[in-house]
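All values below come from the heavy atoms of this structure, side chains included, with hydrogens, waters and symmetry mates left out. Sequential numbering from 1 along the given sequence is applied to the chain's residues. Atoms within each ligand, like the ligands themselves, are counted from 1 in listed order.
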Amino acid sequence: MDRLKGKVAVITGGSHGIGAAAVTRMVEEGAAVAILDCLDDEGNALVKKLSGEGHQVAYWHCDVGDEENVKTAINEAADKFGHIDVLVNNAGISGPNKPTHELTEEEWDLVQRVNVKGVFFCTKHVIPHMKKAGRGSIINMSSIYGLVSAPDIPPYHASKGAVRLMTKTDAMLYAPDNIRANSIHPGFIWTPMVEGHLKTTGDDLDAAKQATAGLHPLGHMGEPDDIAWGVVFLASEESKFMTGSELVIDGGYTAH
Ligand code: NAP
């Protein structure tokens, strides 16, 4: 119940999918949580539900690709909750599913703007708060697509590979400040993002779901809570000797 008692977490993309599950598990474990997202209705509805249950949680409209948005939201969250010692860089988009030679520069840049620059901006503006708090845990949502290849969504692969290594660099840079950084690498988790991605692969969504499930040795896709519990672990003191690590939660996808 109290694995995160006294901690204040900022999570991007927390309005639905994996992010919303992580918000829910973090507040249940005692953290105060600031949700930064562009999906205002879903974000505010989640805040209403969780605060109605007595949890400390608030929502900021924030495009993670906009530095001023990020800076304002993070500073206001620190003012509201007193400090920040956890950052979950979860916001992400899959982008267009085209082969490399058909992609436009705009399509490429859009994915890097959210998935890579967003992680940079949030980390940049949260670090001063973590230094002030004297501790921190940065949790970056990479992917199995940041570890191994597949013949699809090239900008997404590039972005998640970047996030994997940004994590290790920040782990080295900020270890002297008692700030840890680790990445999480989910397999396919059934969320609106995956539903949107599978719809781009053909007409038969059920067949695509079945084929995707079959890529995991455990025989099915994951659910958002499978990742949310990894977030709780990395945010908590249970993982205090972990930094620069990759937490792979993928039903065995990368074990081939
Ligand atoms: P999701 O259901 O689409 O949720 C992502 C959230 O991020 C949405 O609320 C989305 O809002 C928000 N977001 C997108 N662009 C944003 C921006 N510029 N600023 C702020 N928020 C923004 O996705 P998910 O499946 O839960 O994925 C969460 C993370 O896990 C992503 O980083 C994803 O790459 C990673 N991941 C997912 C899977 C999977 O199988 N689901 C596997 C590996 C890794 P909008 O809906 O308005 O865009």
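Counting only N and O atoms by type, the side chains of Asn140 and Asn89 include a donor and acceptor under 3.5 Å apart. Defined by atom type and a distance below 3.5 Å, a donor-acceptor pair is present between the side-chain atoms of Asp40 and Tyr59. Asn75 and His129 share a side-chain donor-acceptor pair at under 3.5 Å.
Tested against Glu237 for a salt bridge (charged side-chain N to carboxylate O under 4.0 Å, His left out), the candidates Arg3, Arg180, Lys7, Lys5 yield a single pass: Lys7.
Rounded to the nearest 0.5 angstrom, Ser159 OG and Ile153 CD1 are separated by 8.5 Å. Taking CG of Leu147 as the start and NE2 of His157 as the end, the distance is 11.0 Å to the nearest 0.5 Å. Here the CD1 atom belonging to Ile127 is positioned 6.0 Å from the CG atom belonging to Asp170, to the nearest 0.5 angstrom. Separating the OG1 atom in Thr201 from the NE2 atom in His197 is a distance of 6.5 Å, to the nearest 0.5 Å. Within the model, atoms CD1 of Ile11 and CG of Asn90 stand 5.0 Å from one another, a figure rounded to the nearest 0.5 Å.
The contact set between ligand 1 and Pro186, taken as ligand atoms under 4.0 Å from a residue heavy atom, comprises 42 (C), 43 (C), 44 (C). Atom numbering of ligand 1 starts at 1 in the shown order; those under 4.0 Å from a heavy atom of Gly17 are 2 (O), 26 (O). Proximity to Phe188 (heavy-atom distance under 4.0 Å) selects the following atoms of ligand 1: 40 (O). For ligand 1 and Met141, the ligand atoms under 4.0 Å from any heavy atom of the residue are 29 (C), 30 (O), 35 (C). Using a 4.0 Å cut-off to heavy atoms of Asp63, the atoms of ligand 1 that qualify are 17 (C), 18 (N), 19 (N).
With a 4.0 Å cut-off on non-hydrogen atoms, Tyr156 touches ligand 1 through its side chain and not its backbone. Contact annotation for Val64 and ligand 1: heavy atoms of both the backbone and the side chain come within less than 4.0 Å of the ligand. At a 4.0 Å heavy-atom cut-off, ligand 1 touches Ile189 through backbone and side chain alike. For Lys160, every heavy-atom contact with ligand 1 shorter than 4.0 Å involves the side chain, none the backbone.
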- [ ] Please assess Lys49 against Glu53 for the test salt bridge (charged side-chain N to carboxylate O under 4.0 Å, His left out), listing each intermediate value before the final yes or no.
- [x] CA-CA 7 Å; Lys49 174 179 178 285; Glu53 292 165 7; 3.3 Å; yes
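The closest side-chain heavy-atom distance from Val231 to Arg25 is not below 4.5 Å. Residues Val194 and Ile189 form no side-chain contact, since every pair of their non-hydrogen atoms from C-beta on lies 4.5 Å or further apart.
In the displayed structure, Glu102 atom CD is contacted under 6.0 Å by more than 12 heavy atoms of other residues, nucleotides or ligands.
Considering backbone and side-chain N/O atoms, Ile18 comes within less than 3.5 Å of an N/O atom of ligand 1. Of the polar atoms of Ser143, none of the N or O atoms is found under 3.5 Å from an N or O of ligand 1, judged by distance alone. Considering backbone and side-chain N/O atoms, Arg113 never comes within less than 3.5 Å of an N/O atom of ligand 1.
Scanning the protein for heavy atoms near atom 22 (C) of ligand 1, the closest one is Ala91 CB, 3.7 Å. For atom 31 (C) of ligand 1, the nearest non-hydrogen atom of the protein is Asn90 O, 3.1 Å. Looking only at protein heavy atoms, the nearest one to atom 14 (C) of ligand 1 is Ile93 CG2, 3.8 Å. Here the heavy atom of the protein found nearest to atom 3 (O) of ligand 1 is Met193 CB, 3.4 Å. Scanning the protein for heavy atoms near atom 45 (P) of ligand 1, the closest one is Leu39 CG, 3.8 Å. Summary of contacts: the protein heavy atom closest to atom 39 (C) of ligand 1 is Val194 CG2, 3.4 Å. When only non-hydrogen protein atoms are considered, atom 10 (C) of ligand 1 lies nearest to Asp37 OD1, 3.8 Å. With respect to atom 42 (C) of ligand 1, the closest heavy atom belonging to the protein is Gly187 O, 3.2 Å.
When Ile184, Val70, Leu110, Val114 are checked for heavy-atom proximity to atom 16 (C) of ligand 1, Val114 turns out nearest. When Cys62, Pro224, Gly65, Ser94 are ranked by how near their heavy atoms come to atom 20 (C) of ligand 1, first place goes to Cys62.
The backbone N or O of Ile93 lies less than 3.5 Å from a partner atom in the side chain of Asn115, making a donor-acceptor pair.
Not close to ligand 1: Met221, with no non-hydrogen atom less than 4.0 angstrom away. Gly196 does not count as a contact of ligand 1, since none of its heavy atoms falls under 4.0 Å from the ligand. Using a non-hydrogen distance threshold of 4.0 Å, Gly118 does not register as a contact of ligand 1. Within the 4.0 Å heavy-atom shell around ligand 1 one does not find Thr12.
Ring-plane geometry between Tyr145 and Phe188 is classed as perpendicular, the angle between the planes exceeding 60 degrees on a 0 to 90 degree scale with a lower cut at 30.
Within a 4.0 Å radius of atom 7 (O) of ligand 1, the protein has at least one heavy atom.
In summary, Lys117 and Glu67 do not engage in a salt bridge, as defined by a charged side-chain N under 4.0 Å from a carboxylate O.
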